[in-house]
Amino acid sequence: MKPSPKILVIMGSVRLQRISPLLADWVASVGRLCIPEAVFELVDLRNWPLPMMDEPAIPAHGAGYQTPQAQAWSSKISQADAFIFVTPQYNWGYPAALKNALDHLYSEWHHKPAFIVSYGAHGGEKCAAQLRQVLTGLKLHVTQQHAELTLSTEQILRNDGHIGLPEAVQNQETALQTGLMELRKLLS
């Protein structure tokens, strides 16, 4: 393992009212305890405006990127040694912004470890399964363990960008720690 591996914690939601930043920050703070040698960086997809399918070439063909946005995104992802995807489940899937961010690149994702943290009214199991398939197709090494954070109907309906963090996640902290330790092994 590199002396200070860089782990990007990518927030899957770009909605105006969202809890993704709060949850991603919590995941990174637990990550710093489980993988103290790593550097964790939060990546908010809202700050990465990637227009849908604006590159003339298919990323898998390796022709290079033409747009400044894709070039910058490629540079950001290339610098990472591993990823944690913190994503809500929308209608049993993951957000289009996350799919678009993944599809903008190809080889930059290859052979890097990834861990999925999903959340929603049902914890995000279906979204995590779909995301796992896509990450595997991008040749990432996805941990077997993933964390599902089940939110109450009240928290979802309130939709104010805040959440009672301890109550919402306390039953999944063990799964989070287990997944993080598996991610650490994959970094070795």
Side-chain angles (χ1 to χ4, degrees), residues 1-15 17-46 80-95 97-98 101-102 109 112-136 140-188:
M1 181 185 319
K2 287 170 59 175
S4 297
K6 185 173 193 173
I7 300 174
L8 298 183
V9 181
I10 299 176
M11 299 176 221
S13 176
V14 296
R15 285 185 173 172
Q17 295 290 340
R18 63 198 174 133
I19 59 169
S20 203
L22 181 65
L23 292 175
D25 188 55
W26 172 71
V27 168
S29 67
V30 175
R32 288 180 190 101
L33 296 174
C34 292
I35 314 172
E37 65 277 10
V39 174
F40 287 80
E41 179 183 340
L42 299 178
V43 177
D44 189 344
L45 291 180
R46 192 186 286 172
D81 298 298
F83 307 95
I84 301 172
F85 296 93
V86 179
T87 183
Q89 177 170 286
Y90 295 158
N91 302 315
W92 287 19
Y94 60 96
L98 179 54
L102 291 166
W109 302 110
K112 295 180 181 179
F115 175 49
I116 300 168
V117 179
S118 60
Y119 62 92
H122 302 286
E125 177 184 1
K126 304 234 186 266
C127 130
Q130 291 174 15
L131 183 55
R132 175 182 300 280
Q133 286 182 317
V134 170
L135 297 180
T136 300
L140 283 129
H141 301 293
V142 185
T143 61
Q144 290 300 309
Q145 179 70 49
H146 71 272
E148 297 176 15
L149 309 177
T150 302
L151 307 179
S152 71
T153 302
E154 176 197 340
Q155 290 168 320
I156 292 168
L157 293 176
R158 190 173 58 225
N159 192 28
D160 61 1
H162 301 285
I163 188 171
L165 200 53
E167 69 189 39
V169 297
Q170 65 188 356
N171 63 336
Q172 281 298 313
E173 191 157 353
T174 300
L176 178 65
Q177 291 170 344
T178 302
L180 287 165
M181 295 312 292
E182 188 179 346
L183 187 70
R184 185 180 194 196
K185 285 181 186 174
L186 290 173
L187 277 164
S188 301

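Quantities reported herein were computed from a predicted structural model and do not represent experimental measurements. All values below come from the heavy atoms of this structure, side chains included, with hydrogens, waters and symmetry mates left out.
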Least distance between heavy atoms, Ala114 atom then Leu183 atom: N-CD1, 3.7 Å
Rounded distance [0.5 Å steps], CE in Met11 versus CG in Leu45: 8.5 Å
Leu180 CG to Gln145 CD distance, which is reported to the nearest 0.5 Å: 9.5 Å
Six-ring centre of Phe85, Arg132 cation under 6.0 angstrom, axis tolerance 45°: no
Sub-4.5 Å side-chain heavy-atom contact between Glu41 and Lys6: yes
Backbone N/O of Gln144 and side chain of Glu182: donor-acceptor pair under 3.5 Å: yes
Note, Phe115 side chain near Leu186 side chain (heavy atom, < 4.5 Å): no
Rounded distance (nearest 0.5 Å) linking atom CG of Leu187 with atom CD1 of Ile7: 5.0 Å
Qualifying residues under salt bridge (charged side-chain N to carboxylate O under 4.0 Å, His left out), relative to Asp25, sequence neighbours excluded: none
Considering only distance and modelled atom types, tabulate donor-acceptor pairs under 3.5 Å from the side chains of residues 117-129, sequence neighbours left out.
from   : atom 1 : to     : atom 2 : distance (Å)
Ser118 : OG     : Gly123 : O      : 2.8
Ser118 : OG     : Gly124 : O      : 3.2

Audit row: Phe83, Leu135, side-chain contact (heavy atoms from CB on, under 4.5 Å) steps and yes/no: CA-CA 11 Å; Phe83 307 95; Leu135 297 180; over 6 Å; no
Approximate separation, where rounding is to 0.5 Å, of Cys34 SG and Leu176 CG: 6.5 Å
Residue pair Thr87 / Pro95: nearest heavy atoms and the distance that separates them: OG1-CD, 3.1 Å
Side-chain (Arg18) to main-chain (Ser13) donor-acceptor, under 3.5 angstrom: yes
side-chain contact (heavy atoms from CB on, under 4.5 Å) evaluation trace for Tyr90 with Arg15: CA-CA 11 Å; Tyr90 295 158; Arg15 285 185 173 172; 3.3 Å; yes
Working for side-chain contact (heavy atoms from CB on, under 4.5 Å), residues Ile19 and Leu151: CA-CA 11 Å; Ile19 59 169; Leu151 307 179; 3.5 Å; yes
Euclidean distance, Lys185 NZ relative to Met181 CE, rounded to 0.5 Å: 7.5 Å
4.5 Å side-chain heavy-atom contact, Pro5 and Glu37: yes
Residue pair Val86, Trp26: steps toward the side-chain contact (heavy atoms from CB on, under 4.5 Å) verdict: CA-CA 10 Å; Val86 179; Trp26 172 71; over 6 Å; no
Ile84 to Phe40 - nearest heavy-atom pair and separation: CD1-CE2, 3.9 Å
Straight-line distance of Leu131 CG to Leu98 CG, nearest 0.5 Å: 5.5 Å
